[in-house]
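In what follows, a structure is listed as structure tokens, so that the remarks can point back to it.
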There are 2 protein chains.
Amino acid sequence: MNMRVKISDVAKVAGVSSSTVSHVLSGNRPISPEVCLRVRQVIESLGYRPNYAAKSLASHRTMKVGVVSDEISNSISGVLVEAMNRYLRENGYSMLLGVCEFKKENAINYLREFSSGMVDGVINMIGSVSVQEAARECKTVPTITYLRAHQECPVYYDRTSGIILALEHLWSLGHRKIGFIAVSDTNPETAVEEREIGYRQFFVRMGMQPDENLIVTGNNKIESGYIYAEKLMKAGATAIMASNDMMAVGVLQWAHQNQVRVPDELSVAGFDDAPIALAVAPTLTTVQMPIDILAEKTVNALISKIKGETPRQQEVLVPRLIIRNSTGKVKS
Amino acid sequence: MNMRVKISDVAKVAGVSSSTVSHVLSGNRPISPEVCLRVRQVIESLGYRPNYAAKSLASHRTMKVGVVSDEISNSISGVLVEAMNRYLRENGYSMLLGVCEFKKENAINYLREFSSGMVDGVINMIGSVSVQEAARECKTVPTITYLRAHQECPVYYDRTSGIILALEHLWSLGHRKIGFIAVSDTNPETAVEEREIGYRQFFVRMGMQPDENLIVTGNNKIESGYIYAEKLMKAGATAIMASNDMMAVGVLQWAHQNQVRVPDELSVAGFDDAPIALAVAPTLTTVQMPIDILAEKTVNALISKIKGETPRQQEVLVPRLIIRNSTGKVKS
DNA sequence: ATGAAAGCGCTAACAA
DNA sequence: TTGTTAGCGCTTTCAT
């Protein structure tokens with residue numbers, strides 16, 4: 001092992017005690033200016049850096065937060081993780097990221113690993129891990145599960161009304177036969193998938209029976225949109241609402257490949273407002289996830305929890321519709 | 001602080017010494033089957049989990065690798081980070097990720113933080129941080145800088161010949177006026193941007209002077225493609241080669257908005273083969289980064305370095321052209 | 001095959 | 001304002 005310079009070395013050279021050096025670094029006890037300066041110079045000249053493990057062992061704090069996510073590239077979760085990272089750093093924390101690749105086993109491992117003194121708090125973003133499971137695995141380490149209907153989650157984002165917002169927009173453009181690409185993943189906190197509920201609710205509210213031929217279930221990926229677009233068109237859809245942007249992009253791709261003009265012959269709407277919504281042509285009308293707010297509130301909630309403050313009541317965020325170029329009046 | 005169960009508690013209940021428990025866990029000393037079983041049962045029933053900080057303080061190992069990257073969402077780096085994460089875990093390491101948001105200051109901070117006993121090794125993916133700088137900040141901690149021409153980097157990927165590959169393809173389709181969107185970011189290890197070199201080299205090889213009106217410099221983002229597409233078309237380009245996929249997507253977007261049909265009226269090629277290359281319509285012809293191989297070789301090199309093995313010689317990977325639907329014969 | 005005990009490098013309570 | 005010292009919870013050498 002490399003003989004690194006330690007706090008006692010600094011103390012010796014500076015002619016003070018280790019605890020003085022420690023306090024110069026932490027700043028939580030008054031130090032005379034001269035001593036402070038001298039210690040800092042010695043630290044500089046010796047190239048001293050505090051040992052992280054020793055520090056956290058002694059102080060019972062790591063200033064680290066563990067985040068478990070299924071993926072980070074090519075999806076809205078990456079944007080979210082980046083935003084959380086930003087807020088964590090603003091509060092002096094570093095992020096330890098566990099990427100699980102949709103394997104629950106990985107997620108559980110990360111939660112266990114993280115909570116054995118590795119971090120001060122955990123953010124669980126894994127859809128298949130419930131609030132209770134996360135809390136159980138993390139034992140005494142403060143844990144926040146991201147975006148669930150469950151009371152203990154600091155923020156919740158109402159996907160049901162998000163879908164309704166988009167459907168109202170399509171309806172106002174004259175669309176009546178609106179295809180819907182649902183998703184099967186239901187999180188453990190809600191019995192049924194919220195976006196599909198929104199779809200069904202909307203049509204009932206409009207005095208219509210939702211047409212089962214216009215409802216298909218995808219896998220959140222581009223391919224689902226591509227595959228189901230044709231089926232929905234054949235079923236008479238003049239517009240397609242997808243449960244996320246990736247599947248909406250798949251629909252656009254199918255349309256392009258089959259000379260179906262968007263939005264003239266087919267309107268397409270997505271959900272999330274992922275970066276890709278702006279990259280495709282035509283740009284995608286979509287329901288926006290307020291990523292920054294979600295990240296901030298989640299991080300803040302965790303930090304309060306770490307500090308032992310009593311949690312605030314759950315906040316419910318209202319979705320916003322972003323109208324771009326993939327939706328238009330129904331063809332007459 | 002929470003009174004967590006520690007190794008001595010397990011030892012007491014199991015009627016053995018702490019060191020025996022430790023060895024049951026690590027497996028690096030023979031233990032009698034009965035003792036082993038008893039200890040494991042006690043561990044289970046007490047819900048014991050080793051304290052991470054104490055472990056690394058005593059063992060001088062963290063089994064963690066720090067990765068510094070500018071971004072993770074919406075770019076090829078996220079895919080790469082995910083791939084590295086996979087290989088690291090296969091080797092028993094966890095990843096500590098530092099997202100720097102293109103601020104060099106953040107990068108330096110992460111490198112310093114990581115190398116103060118927080119990780120066993122560091123992977124530097126920040127373009128503006130040179131091999132030397134990274135090594136300096138990380139002191140005695142083994143460090144690998146990702147994808148540089150520099151000798152000490154385990155893999156290198158020849159972008160110059162990658163561009164030439166794509167240009168040969170366009171040339172064979174009859175294109176002679178090929179616009180090029182370069183990028184200004186040059187990494188500290190190479191004096192000039194390699195992709196631009198490739199472009200210039202190609203035309204010289206074809207016995208032509210590269211036309212300066214057909215060369216513009218973008219910022220790696222979609223908007224650059226969008227902005228420069230028009231300029232390059234006006235300069236007579238029948239095809240546009242972009243230095244990355246995002247800018248190529250910007251060109252597609254401009255084309256779509258201006259009723260320029262791709263590839264009938266304009267061919268477009270990108271670089272990287274980011275996920276978005278498959279999401280757009282038409283799908284993008286591009287030069288593929290061998291992400292998985294790059295990730296594996298980089299991770300393996302770091303792990304060897306951690307183990308103190310002598311580094312192997314740098315490996316140079318050959319790019320591959322992926323022909324999709326955004327390139328076609330020049331219009332006659 | 002197992003135990004005893006000396007640290008790892010730091011923080012924080014207590015003393016001065 | 002500063003120093004002394006007792007741990008933090010584990011690994012690992014040395015003994016047995």
Side-chain angles (χ1 to χ4, degrees), chain A residues 1-40 42-43 46-64 113 115-118 120 139-141, chain B residues 1-40 42-43 46-64 113 115-118 120 139-141:
Chain A
M1 210 48 207
N2 43 64
M3 283 287 292
R4 292 202 30 148
V5 24
K6 45 197 178 192
I7 203 168
S8 59
D9 299 327
V10 175
K12 210 169 293 168
V13 176
V16 295
S17 74
S18 304
S19 87
T20 298
V21 177
S22 171
H23 285 110
V24 166
L25 253 14
S26 69
N28 46 22
R29 137 165 154 180
I31 304 278
S32 77
E34 317 119 82
V35 171
C36 186
L37 182 69
R38 188 146 37 95
V39 169
R40 285 193 189 289
V42 174
I43 287 177
L46 260 52
Y48 166 72
R49 295 212 204 134
N51 176 283
Y52 170 75
K55 197 167 168 167
S56 45
L57 178 57
S59 67
H60 301 281
R61 266 182 288 103
T62 63
M63 294 314 282
K64 235 168 266 326
E113 224 178 81
S115 56
S116 46
M118 210 177 265
D120 295 340
K139 302 204 160 184
T140 55
V141 177
Chain B
M1 212 50 206
N2 44 64
M3 284 287 291
R4 292 201 32 147
V5 25
K6 45 197 176 191
I7 204 168
S8 59
D9 299 327
V10 175
K12 210 169 293 168
V13 176
V16 294
S17 73
S18 304
S19 87
T20 298
V21 178
S22 172
H23 285 110
V24 167
L25 253 13
S26 70
N28 47 23
R29 138 165 153 179
I31 304 279
S32 77
E34 317 120 81
V35 171
C36 185
L37 182 68
R38 189 147 37 93
V39 169
R40 285 194 188 290
V42 175
I43 286 176
L46 260 50
Y48 166 72
R49 295 211 205 134
N51 176 283
Y52 170 76
K55 197 166 169 167
S56 44
L57 178 58
S59 66
H60 301 282
R61 266 183 287 102
T62 63
M63 293 313 283
K64 235 167 266 326
E113 225 178 79
S115 56
S116 46
M118 209 176 264
D120 296 340
K139 301 203 159 185
T140 56
V141 177

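Lettering follows sequence order; numbering is per chain, from 1. Since we're looking at a predicted model, the values are computed, not measured.
Of the candidate nucleotides D/dT2, C/dT2, C/dC10, C/dC10 has the atom lying nearest to any side-chain atom of A/Lys6. Considering only the side chain of B/Ser17, C/dG3 comes nearest among C/dG3, C/dC8, C/dC10.
Taking the side chain as every heavy atom from C-beta outward, B/Lys6 and B/Asn51 never approach each other to under 4.5 Å. In this structure, B/Arg38 and B/Val35 have side chains that are in contact, with non-hydrogen atoms separated by less than 4.5 Å. Side-chain contact between A/Leu25 and A/Ile43 is present, with heavy atoms from C-beta onward closer than 4.5 Å. For the pair B/Arg49 and A/Ser115, the minimum side-chain heavy-atom distance is below 4.5 Å. Here the side chains of A/Asp120 and A/Lys64 are not in contact, with every heavy-atom distance at 4.5 Å or above.
For A/Lys139 (side chain) and B/Arg4 (main-chain N/O), no donor-acceptor pair under 3.5 Å exists by modelled atom type.
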Short N/O separations, protein against nucleotides 11-14 of chain D, under 3.5 angstrom:
residue: D/dT11; atom: OP2; partner: B/Ser22; partner atom: OG; Å: 2.7

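Nearest heavy-atom pair, B/Val16 versus B/Val21, reported as atom, atom and distance to 0.1 Å: CG2-CG2, 3.8 Å. Nearest heavy-atom pair, B/Ala53 versus A/Leu57, reported as atom, atom and distance to 0.1 Å: CB-N, 3.9 Å.
The overall bend of the helix from C/dA1-D/dT16 to C/dA16-D/dT1, read as the angle between its terminal helix axes built from five base pairs each, is 30° when rounded to 10 degrees.
For the residue pair A/Ser22 and A/Ser19, no side-chain donor N or O sits within less than 3.5 Å of a side-chain acceptor on the partner.
The separation between A/Arg49 atom CZ and C/dC10 atom P is 13 Å, rounded to whole Å. Look at CZ on A/Arg38: it is 11 Å from C1' on D/dT2, rounded to the nearest Å. Counting to the nearest Å, the P atom of C/dC10 and the CZ atom of A/Arg4 are 9 Å from each other. Rounded to an integer number of Å, the gap from CG of A/Asp9 to P of C/dC8 is 11 Å. Going from atom CG of A/Leu57 over to atom P of D/dA6 covers 17 Å, rounded to whole Å. With rounding to whole Å, A/Lys12 atom NZ is found 15 Å from D/dT4 atom C1'.
Both A/Glu34 and B/Ala53 sit near DNA chain D, but only A/Glu34 has its closest nucleotide nearer the 5' end.
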